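Chain letters run A, B, ... following the sequence lines, proteins first, then strands; residues in each count from 1. What you are looking at is a predicted structure, and each value in this text was computed from that prediction instead of being measured. Scope of the values below: all heavy atoms of this structure, side chains included, with no hydrogens, waters or symmetry mates.
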Protein chains: 2
Amino acid sequence: MLPFFGQEKVSVDANGRVKLCPRFLADFKDSGGWDIVLFSLPEGGVAIYPEKTFLRMRRSELDEAEKSGGSVLQRRRLRFSGAMTQSEKISNQGRITIPHFMREDCGLAPNSDVVMVGIQIGIEIWSSERWSGELDKMRRHSNEKGEREMASDLMDPRRE
Amino acid sequence: MLPFFGQEKVSVDANGRVKLCPRFLADFKDSGGWDIVLFSLPEGGVAIYPEKTFLRMRRSELDEAEKSGGSVLQRRRLRFSGAMTQSEKISNQGRITIPHFMREDCGLAPNSDVVMVGIQIGIEIWSSERWSGELDKMRRHSNEKGEREMASDLMDPRRE
DNA sequence: GACTTAAATGGAGTAGAATGGATTAACGAA
DNA sequence: TTCGTTAATCCATTCTACTCCATTTAAGTC
């Protein structure tokens, strides 16, 4: 079974928690357990990675930081990835509590409908409205790219 | 669990003290105890590091300074970081008193709302207004970068 | 040097929210 | 139809944040 694929509609409960569907729950279990990392995406959703995956992704960033703590640029990097990230644990009942600041940033209010999207290395949570916006954007981009590829193919008879 | 991540809204009490949220408190405990170092950042907030972390960051600077203590530049550096830095202790109730000059420099008035930001090696305290300014800056940058990536993907049919 | 006043510090109590668990209802499969 | 699994609601316990108060410390004045 391919891990972290597909979509699910779920809803945020009154206390700002979401319940994982059994499939994603199993995927997390296979990827190292209940320790996860949430990341507030600039494009509008929350990404959830297994902790192991996250650590692999940002290896070595820290060592550098402690050496050059005096640099403003280095501090900015630490500040922004630190601010947008939070580690969590999947509860015994398969629930994840979304941190307050992410609820606000990403429109994931209590009692609202959201979409869980498998992204192969983890999942993402989007508010329903923002998700359809994002889908539109990706479809338009993909169509546009297709058009351009066709046009470019016409221009160059030798290709392919 | 990863230490010093995420954001929290807190408020400065009438006497210029802030209370750490339980998460950050635990992070400090794990990083060596209640001894901390405050540093007034030139970009507008107050950084709080565990003492051990701070010492590690400053070690090289100190060694250098003791070798060339006669240099004017070196004295200036020491003077500046000395002036902007103060060591403190987290109280039994998890509170930190912000030194007067930092309150003024960073807009952290008594009874005002502030944000505590995890920066992976410690935390930072920002006044709410300044923090949202900083966030805006980052979001605009990130959006701009995203747009350019999409545009560049359209321009080059071979990519991906 | 002593007294008065102000400020800082440490602590406790309470209202509210978050957390974890349990129960019940609904859906799907055998 | 029945059993098993999943989802949603509800409740109780725990924890946390906020406010208020008491004690100590410092500073200024007579």
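Considering only residues two or more places apart in sequence or on other chains, Lys9(A) meets the salt bridge (Lys or Arg N to Asp or Glu O under 4.0 Å) condition with none of them. Residues passing the side chain to side chain donor-acceptor pair (under 3.5 Å) test with Glu43(A): none are found, sequence neighbours excluded. Among residues two or more places apart in sequence or in another chain, the side-chain contact (heavy atoms from CB on, under 4.5 Å) test is passed with Arg59(B) by Asp63(B). Here Ser132(A) pairs with nothing under the side-chain contact (heavy atoms from CB on, under 4.5 Å) rule; sequence neighbours left out. Among residues two or more places apart in sequence or in another chain, the salt bridge (Lys or Arg N to Asp or Glu O under 4.0 Å) test is passed with Arg148(B) by Glu144(B).
Taking every heavy atom of residues 100-114 of chain A and every atom of DNA chain C, pairs under 4.0 Å involve His100(A), by number. Residues from residues 25-34 of chain B placing a heavy atom under 4.0 Å of any atom in DNA chain C do not occur.
Among the atoms of the strands shown, only primed sugar atoms or phosphate atoms (P, OP1, OP2) are found under 4.0 Å from some heavy atom of Thr97(A). Using a 4.0 Å heavy-atom distance criterion, Asp13(B) is classed as making no nucleic acid contact.
Annotation: side-chain hydrogen bond (donor to acceptor under 3.5 Å, both in side chains) contacts involving residues 109-123 of chain A, sequence neighbours excluded, are absent.
Environment of NE2 in His141(A): crowded, with over 12 heavy atoms of neighbouring residues, nucleotides or ligands closer than 6.0 Å. For Met1(B), the CE atom counts as densely surrounded, since its 6.0 Å shell holds more than 12 non-hydrogen atoms of other residues, nucleotides or ligands.
Summarising the geometry, atom NE2 belonging to His100(B) is positioned 11.0 Å from atom CD belonging to Gln86(B); distances are rounded to the nearest 0.5 Å. Note that the CD atom of Glu134(B) and the CZ atom of Arg130(B) stand 10.5 Å from one another [nearest 0.5 Å].
Of all nucleotides in DNA chain D, those with any atom nearer than 4.0 Å to a heavy atom of chain B start and finish, going 5' to 3', at dT16(D) to dA17(D). The footprint of chain B on DNA chain C, defined by a heavy-atom cutoff below 4.0 Å, extends from dA8(C) to dG11(C).
If you find the closest nucleotide of DNA chain C to Arg95(A) and to Ala14(B), the one lying nearer the 5' end belongs to Ala14(B). Two residues, Pro22(B) and Asn15(B), neighbour DNA chain D, and the one matched to the more 5' nucleotide by heavy-atom proximity is Pro22(B).
In this model, a donor atom of one side chain and an acceptor atom of the other lie less than 3.5 Å apart for Trp126(A) and Glu124(A).
Contact between Ala14(A) and Pro110(A) at its shortest, heavy atoms only, is O-CB, 3.5 Å.
Geometric assessment of Arg75(A) against the ring of Tyr49(B) yields a negative cation-pi assignment under the 6.0 Å and 45° thresholds.
Each end of the helix from dG1(C)-dC30(D) to dA30(C)-dT1(D) gets its own axis, taken as the rotation carrying the C1' atoms of four end pairs onto the next four within a five-pair window, and the two axes meet at 20° to the nearest 10 degrees.
A heavy-atom distance below 4.5 Å is not found between the side chains of Lys145(B) and Pro42(A).
Connectivity analysis of hydrophobic side chains (ILVMFWY, heavy atoms under 4.5 Å, direct or indirect) links Val12(A) to Phe4(A), Val10(A), Val18(A), Leu20(A), Phe24(A), Leu25(A), Phe28(A), Trp34(A), Ile36(A), Leu38(A), Val46(A), Ile48(A), Ile90(A), Ile96(A), Ile98(A), Phe101(A), Met102(A), Leu108(A), Val114(A), Met116(A), Ile123(A), Ile125(A).
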